[in-house]
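Here is the structure we will look at.
Just so you know, these numbers use all the heavy atoms, side chains as well, and skip hydrogens, waters and symmetry mates. One-based numbering, in listed order, for ligands and for the atoms of each.
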Amino acid sequence: MFCVILAKKINFYPAKRVKLTLVAGARPNFMKIAPIIRAIRQAQKQRTDLSYRLVHTGQHYDEKLSHIFFDELAIPAPDANLGVGSGSQAEQTARIMISFEKELLEHPADLVVVVGDVNSTMACTIVAKKLNTAVAHVEGGIRSFDMGMPEEINRMVTDSIADYFFTTSEVANANLLKSGVEASRIFFVGNTMIDTLVHNLHRTKQPAIWMERSLEPQRYLLLTLHRPSNVDDAERLMSLLAEIEEAAGELPVIFPAHPRTRKVLAQCGWEGKNIYLIEPLSYLEFIYLVKHCRGVVTDSGGVQEETTFLHVPCLTLRQNTERPETIALGTNVLIGDDLVLLRESIGKIIRGEWKTGAIPPLWDGKTAERIIEAMLTIPL
Ligand code: UDP
């Protein structure tokens, strides 16, 4: 593999002033951008010619999916909030593009940095490239090869026009090389989501549900579901929940549900027996529950990575994953549509018969530092 592995310090700082625009829009972006900002601020102590502007597109805008993460993860207030709000895929993407074009024309950058796979990632990449601005994609190269997922389209479009790629795995490197990206543009640096986890593990917070339900370590399961393929069809969602409830038996299942999921559950008047539906949690509260639970059932991308790092059993209710290292090395297993496998796997987790897994290479809490070191070697 010819990709640049940045495990050692590179001390080459060009004299030119470097202006970065960092884009964040939705919940999983905030965990990825927080350590990058910390690393930039660290680098600024040595060089005053590096500046950044944080743009929040407003794709997620409420307290529980946005504001709380700024407070908890000490992310500075955005320099601009485009306030695009929700809408259909096309409406939201279009609104982000219109607003971000104005933003970038008023505040030109040398490099636009996008993270993850949300609509903001793709929309801002298109805008930047059409304004002849270089783009770096943090978490580039991952692929589910599932064109039914809006995120996969965002990943493919972003990676087809971005200039530089900061990757989380060898699989991502291989995907990029296969699609014709030059090796010199790929920087295998690790996972910024894990930087945030490492940085905050010692300060997680017990959520109110812990006392309300008298939870005990290892004596509950944690559930998150928000992908359209699992939650938009009420019948499918009900059958998943019924199976989980049945398999969990005596163990309570804590379900901090995304607004999209809550809406469907409210429409069909669902009430759990031992599944406790709660509001989305803050990051520090959610990680507290991940750390202490018996196992997680999820369709989230980030949660697959966090459970692998924490050696917590994870069942992923999807047919595929863009994070195959969490299966090959980590604690994750794909369940797809197989309700029998779901039930058997929950049984295995409860009986303590699960793999402990290993942590993928470079998921060590130092990824953002490597990103900034690499970025400063890019000829901008
Ligand atoms: N998360 C959170 N509160 C919750 C559920 C998840 O803070 O109630 C965090 C989780 O720890 C992870 C991120 O949200 O860091 C994942 O976001 P999400 O599942 O929305 O997106 P995906 O990773 O699937 O793109």
Give the contacting part of [X] toward ligand 1: side chain, backbone, both or neither, where contact means a heavy-atom distance below 4.0 Å.
X      : answer
His258 : neither
Phe286 : side chain
Glu285 : neither

With distance as the sole criterion, is a donor-acceptor pair present between the side chains of [X] and [Y] under 3.5 Å?
X      : Y      : result
Asp159 : His137 : yes
Lys32  : Thr196 : no
Glu72  : Ser282 : yes

Nearest protein heavy-atom contact for [atom]: which residue, which atom, what distance?
atom                    : value
atom 8 (O) of ligand 1  : Leu281 N, 2.9 Å
atom 9 (C) of ligand 1  : Met31 CE, 3.7 Å
atom 23 (O) of ligand 1 : Gly302 N, 2.7 Å
atom 24 (O) of ligand 1 : Gly301 N, 2.8 Å
atom 21 (O) of ligand 1 : Pro28 CG, 3.4 Å
atom 16 (C) of ligand 1 : Ser300 OG, 3.7 Å

Contact with ligand 1 for Lys64, non-hydrogen, under 4.0 angstrom: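 Contact check Lys64 vs ligand 1: negative.
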Min heavy-atom dist Glu279 to ligand 1 below 4.0 Å: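 No heavy atom of Glu279 comes that close to ligand 1.
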Atoms of ligand 1, numbered as shown, that sit under 4.0 Å from any heavy atom of [X]:
X      : result
Pro280 : 8 (O)
Pro256 : 8 (O)
Arg227 : 24 (O), 25 (O)
Met193 : 12 (C), 13 (C), 15 (O)
Phe69  : 7 (O)

Reported CD-to-CG distance for the pair Glu322 and Asp146, which is rounded to 0.5 angstrom: 9.0 Å
Tyr283 side, atom OH; Tyr288 side, atom OH - distance, nearest 0.5 Å: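 Here the rounded value is 16.0 Å.
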Electrostatic pair Asp232:Arg227 at N-O distance under 4.0 angstrom: no
Arg370/Asp364 salt bridge by N-O under 4.0 Å criterion: yes
Sub-6.0 Å ring centroid separation between Phe30 and Phe70: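 Judged by ring-centre distance (under 6.0 Å), Phe30 and Phe70 do meet the cut-off.
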Pair Phe69 + His60: ring centers closer than 6.0 Å: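 Aromatic pair excluded; centres sit 6.0 Å or further apart.
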Contact (N/O only, under 3.5 Å) between Arg27 and ligand 1: yes
Contact check: Asp117 vs ligand 1, nitrogen or oxygen atoms, below 3.5 angstrom: no
Of all pairs that satisfy side chain to side chain donor-acceptor pair (under 3.5 Å), the ones with a partner from residues 306-316, not counting sequence neighbours: Thr316-Asn332
Listed partners of Glu212 passing salt bridge (charged side-chain N to carboxylate O under 4.0 Å, His left out), at least two apart: none
Residue selection (non-hydrogen contact nearest atom 11 (O) of ligand 1) among Glu306, His60, Glu151: Glu306
Shortest non-hydrogen separation from Asp110 to Ala134 and the atoms involved: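 Nearest pair, atom of Asp110 first, then Ala134: O-CB, 3.8 Å.
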